[in-house]
Amino acid sequence: MSGRKSTEVNGLLARGRNARDSVAENYKERMRISEQTLHENQKKLEDIGSRISAQKIQISEDSKREFFQESQRLQELFDTIKKASKRIDYAKDIEYANSEKQRIQTELKNADKEQERIRISIQNKNWYCDKEYKDAGKLVKKYEAIANSQNQLVADFSKKEQESNQTVIRYQLMEKQMRQIIEEEKNLNKKAVQIVQLREKAADAKKYVQDTFQKIDQNLGEKFLPTEKKALQKEISTFMGLT
């Protein structure tokens with residue numbers, strides 16, 4: 001008697017089952033977690049994006065005049081964040097992953113059917129299982145290829161999950177920066193109002209000093225207090241030149 005034994009075929013079938021089961025449980029759980037994370041991050045990004053989109057900035061004309069560079073910086077930062085907070089949708093990534101899962105699942109079902117066919121064909125057959133042995137060898141390679149596809153899909157989907165986590169952090173930082181810009185804008189407008197008010201008070205003070213000096217009898221001043229009048233006039237000129 002010659003040829004492959006049924007025990008040898010069963011040995012290959014066992015190898016195939018091991019390859020099949022080596023990633024099965026971990027594969028399903030990791031795919032589930034990645035998909036759930038993408039859904040959650042999608043919601044977070046939509047909420048943050050909506051809040052950023054609702055923000056408005058109104059730099060006053062006084063601020064632009066008094067603090068030109070700072071006003072320009074705040075406006076540019078505001079516009080940059082607005083543009084950067086575009087909508088991100090993971091629907092296509094999830095759809096692709098589910099499509100790949102379905103494709104792999106179909107391959108796995110077909111492989112399981114082939115395994116069952118080989119197992120039935122060697123029942124009550126101890127020798128002359130050459131064809132079944134050859135088919136079992138092909139099946140082992142098929143299961144190994146399926147396992148590799150599962151591992152690769154998990155790796156790709158996990159990478160997308162990690163990217164989405166980083167994107168959420170980036171959007172959270174942008175929202176924080178946006179709040180800081182809004183606060184700086186309010187403070188800048190407030191300072192600008194204060195400066196305008198101070199300048200108006202200074203103008204009033206200058207006018208008062210100028211008017212008061214003009215009320216002095218210039219002839220008497222020149223006659224009796226020429227040195228003091230000259231010194232006072234110099235002080236007034238200096239005061240009037242202050243910004």
Just do the salt bridge (charged side-chain N to carboxylate O under 4.0 Å, His left out) check on Glu76 and Arg73 with the steps written out, would you?
CA-CA 5 Å; Glu76 289 176 354; Arg73 182 186 71 84; over 6 Å; no

For the residue pair [X] and [Y], establish whether any side-chain heavy-atom pair is separated by less than 4.5 Å.
X: Glu132; Y: Arg4; answer: no
X: Leu108; Y: Asp112; answer: yes
X: Asn110; Y: Thr106; answer: yes
X: Gln42; Y: Ile94; answer: no
X: Arg30; Y: Ile33; answer: no
X: Glu161; Y: Asn165; answer: yes

Under 6.0 Å from the [atom1] atom of [X], do we count more than 12 heavy atoms belonging to anything else shown?
X: Gln123; atom1: CD; answer: yes
X: Lys101; atom1: NZ; answer: yes
X: Arg119; atom1: CZ; answer: yes
X: Lys5; atom1: NZ; answer: no
X: Lys141; atom1: NZ; answer: no

Start with the C-alpha gap between Lys92 and Glu95, add the side-chain angles, then the distance that decides, and say whether salt bridge (charged side-chain N to carboxylate O under 4.0 Å, His left out) holds.
CA-CA 5 Å; Lys92 289 184 178 180; Glu95 182 180 352; over 6 Å; no

Looking only at heavy atoms, which two atoms of [X] and [Y] are closest? And how far apart?
X: Asn41; Y: Ser164; result: ND2-OG, 2.7 Å
X: Ala19; Y: Tyr143; result: CB-CB, 4.0 Å
X: Leu153; Y: Ala97; result: CD2-O, 4.0 Å

For residues [X] and [Y], is any side-chain donor paired with an opposing acceptor at under 3.5 Å?
X: Gln180; Y: Glu184; value: no
X: Gln152; Y: Asp156; value: yes
X: Gln75; Y: Asp79; value: yes

Is a donor on one side and an acceptor on the other found under 3.5 Å between the side chain of [X] and the backbone of [Y]?
X: Asn189; Y: Ile59; value: no
X: Ser121; Y: Ile118; value: yes
X: Ser6; Y: Lys125; value: yes
X: Glu66; Y: Ala192; value: no
X: Ser34; Y: Met31; value: no
X: Ser53; Y: Gly49; value: no
X: Ser71; Y: Ser63; value: yes

Name the one of Glu35, Gln36, Lys43 that satisfies side chain to side chain contact (heavy atoms under 4.5 Å, CB included) with His39?
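Output: one option passes, namely Glu35.
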
Salt bridge (charged side-chain N to carboxylate O under 4.0 Å, His left out) between Glu116 and Lys113, worked out
CA-CA 5 Å; Glu116 182 64 14; Lys113 289 179 181 179; over 6 Å; no

Sidechain N-carboxylate O distance under 4.0 Å for Arg51, Asp47:
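Salt bridge flag = no for Asp47 with Arg51.
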
Please lay out, stage by stage, how Arg65 and Asp62 fare under the test side-chain contact (heavy atoms from CB on, under 4.5 Å).
CA-CA 5 Å; Arg65 184 171 53 255; Asp62 288 337; 2.2 Å; yes

Does the side-chain contact (heavy atoms from CB on, under 4.5 Å) test come out yes or no for Glu40 and Val168, once each step is laid out?
CA-CA 10 Å; Glu40 292 173 352; Val168 169; over 6 Å; no

